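Each remark here refers to the structure printed beneath this line.
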Amino acid sequence: MLKPVPLAQVEAPVVDRLPTGIGELDRVLGGGLVPGSLVLIGGAPGIGKSTLTSSALGNLATAGRKTLYVSGEESAAQVRLRAERLGEAALGVPIVADTDLEAVLATLEAERPEVCVVDSVQVLYDAALSGAPGSVGQVREVAGRLMRVAKERRITVVLVGHVTKEGSLAGPRVLEHLVDCVLSFEGERERTYRTLRSLKNRFGSTNEVGVFEMHDSGLEEVADASARFVAEATRAPGSVVLASMEGSRPLLVELQALVAPTELTPPRRIANGVDRNRLALVLAVLARHGGLSLGSSDVFVSVAGGVRIDEPGADLAVALALASAARGVPLAAGHAPLAAFGELGLTGELRHVAHPERRLAEARKFGLERILHPGGPADLGEALSGALGPRREDAKAA
Ligand code: TYD
Ligand code: MG
């Protein structure tokens, strides 16, 4: 028989942390790596996973931690070449380049590093299993065995996993339930901005986001992302600043829309950085309640800098950008861009979203005085006429 214990009497160990020395990464992790935890970093090839993990290990090694880099994808020489770009710290990390799971496990037992990066989980394989490296069976086995060692020996293991553009893959998805923390590294390869977000975190909050920029000498943290994006905002028709929340952090981003006549049926609806389904919803609400029907136009919406926004609070900004683009009228008054946030309801009403005060404070901090948000205009129609003036036909009728 088991004896139930009141939760208040259960001993809860204080979680100590290993700071990686990369502020944005530590914040997303909830204050650094937790000893003995299993972290998965997923992302498209070329996004910067190896760069980020190499830098983090370098900092940990410099801080006197015992580290190990297991490279299954690249030769030791290739990893060295990258480390040279990242600086002295990264060169201090011991490396083994192998894909045999048994050999890697034996190395972990012998070396007992405090933090180990496995790059990537898809190339390691267990010779006793029949599946090819990267198959669901192999990836599960590899992660499961590594987890056992991690917990037994209190080794923090950071698994790197490739995710294809569609997010499909045998790797990270099948591991999400197994690991303590899932980080997703995103961005467009051609652009320099990268965002790191936490999708699951047993030791911290999810939906924290870190912003980085890829340079010649590695990833640089962008602590002042809002300032960058506001400064880069074009202020042209179709441009608006969205005051979004990324976890606990307000982030101002420029949202751009382009509306162009088309012969295509159905017309194109392209969304970069915002959800396609929310774009469809905003278009429907605009047509029904905003007097703007774009049924014979191609529509492109994009978040500048390659950032992805994943919240309904973007609706109003998307609608404003589309209306501004369609009418060819800028939302910016003089030098100051218009800022907006808020969700659109199906009946055209503006709905409240989380943390309005933080969004407003962030916008004001960067000199944006005109901010449209729920609580101001009653509905979408009012927001549109407030931002762009009355439509020509309405003005004529009046
Ligand atoms: P990488 O970390 O190898 O990506 P991943 O492990 O996710 O596949 O790096 C991706 C790209 O970043 C690569 O094409 C080269 C570029 N890069 C830089 O621009 N600057 C740098 O300092 C480094 C190390 C890489
Ligand atoms: Mg890599």
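None of the values given here were measured: they were computed from a predicted structure. Note that ligands are numbered from 1 as they come in the structure, with each ligand's atoms numbered from 1 the same way.
- Applying the 4.0 Å criterion to heavy atoms of Ser217 picks out, from ligand 1, the atoms 22 (O).
- Comment: Glu254 does not engage Arg235 in a salt bridge, judged by the lack of any side-chain N to carboxylate O separation of less than 4.0 angstrom.
- What sits closest to atom 12 (O) of ligand 1 on the protein, heavy atoms only, is Met214 CE, 3.1 Å.
- Atom 13 (C) of ligand 1 has Gly46 O, 4.6 Å as its closest protein atom, hydrogens excluded (heavy atom only).
- Within the 4.5 Å cutoff, the side chain of Leu320 has heavy atoms near those of the Leu384 side chain.
- Between Lys151 and Asp180 there is a salt bridge, since at least one side-chain N of the basic residue sits less than 4.0 Å from a carboxylate O of the acidic one.
- With a 4.0 Å heavy-atom cut-off, ligand 1 is reached by the backbone of Ser50 and by its side chain too.
- Distances from atom 6 (O) of ligand 1 to the protein include at least one heavy-atom value under 4.0 Å.
- Within the structure, ligand 1 has Gly218 among the residues with a heavy atom less than 4.0 angstrom away.
- The Pro45 neighbourhood of ligand 1 comprises atoms 8 (O), with distances under 4.0 Å to a heavy atom of that residue.
- The nearest heavy-atom contact from the protein to atom 4 (O) of ligand 1 is Gly48 N, 3.1 Å.
- Under 4.0 angstrom from ligand 1, the non-hydrogen atoms of Asp216 all belong to its backbone.
- In this structure, the side chains of Leu60 and Leu33 come closer than 4.5 Å at one or more pairs of heavy atoms.
- In terms of protein heavy-atom proximity, atom 3 (O) of ligand 1 is nearest to Arg82 NH2, 2.9 Å.
- A salt bridge does not link Glu362 to Arg249: none of the charged side-chain nitrogens sits closer than 4.0 Å to a carboxylate oxygen.
- For a distance bound of 2.8 Å, the N, O or S atoms of Ser50 include one lying that close to the Mg ion (ligand 2).
- Given atom 15 (C) of ligand 1, the protein heavy atom at minimum distance is Arg85 NH1, 4.4 Å.
- A salt bridge links Glu24 to Arg27: one of the charged nitrogens lies within less than 4.0 Å of a carboxylate oxygen.
- Counting protein heavy atoms only, atom 2 (O) of ligand 1 is closest to Thr51 OG1, 2.5 Å.
- Side chains of Thr20 and Asp26: a donor on one and an acceptor on the other come within 3.5 Å.
- For the pair His215 and ligand 1, a heavy-atom separation below 4.0 Å is found.
- Taking 4.0 Å as the cut-off between side-chain N and carboxylate O, Glu84 and Arg80 count as a salt-bridged pair.
- Ion pairing of Arg82 with Glu73 is absent here, as no side-chain N (NZ or NE/NH1/NH2) approaches a carboxylate O to less than 4.0 Å.
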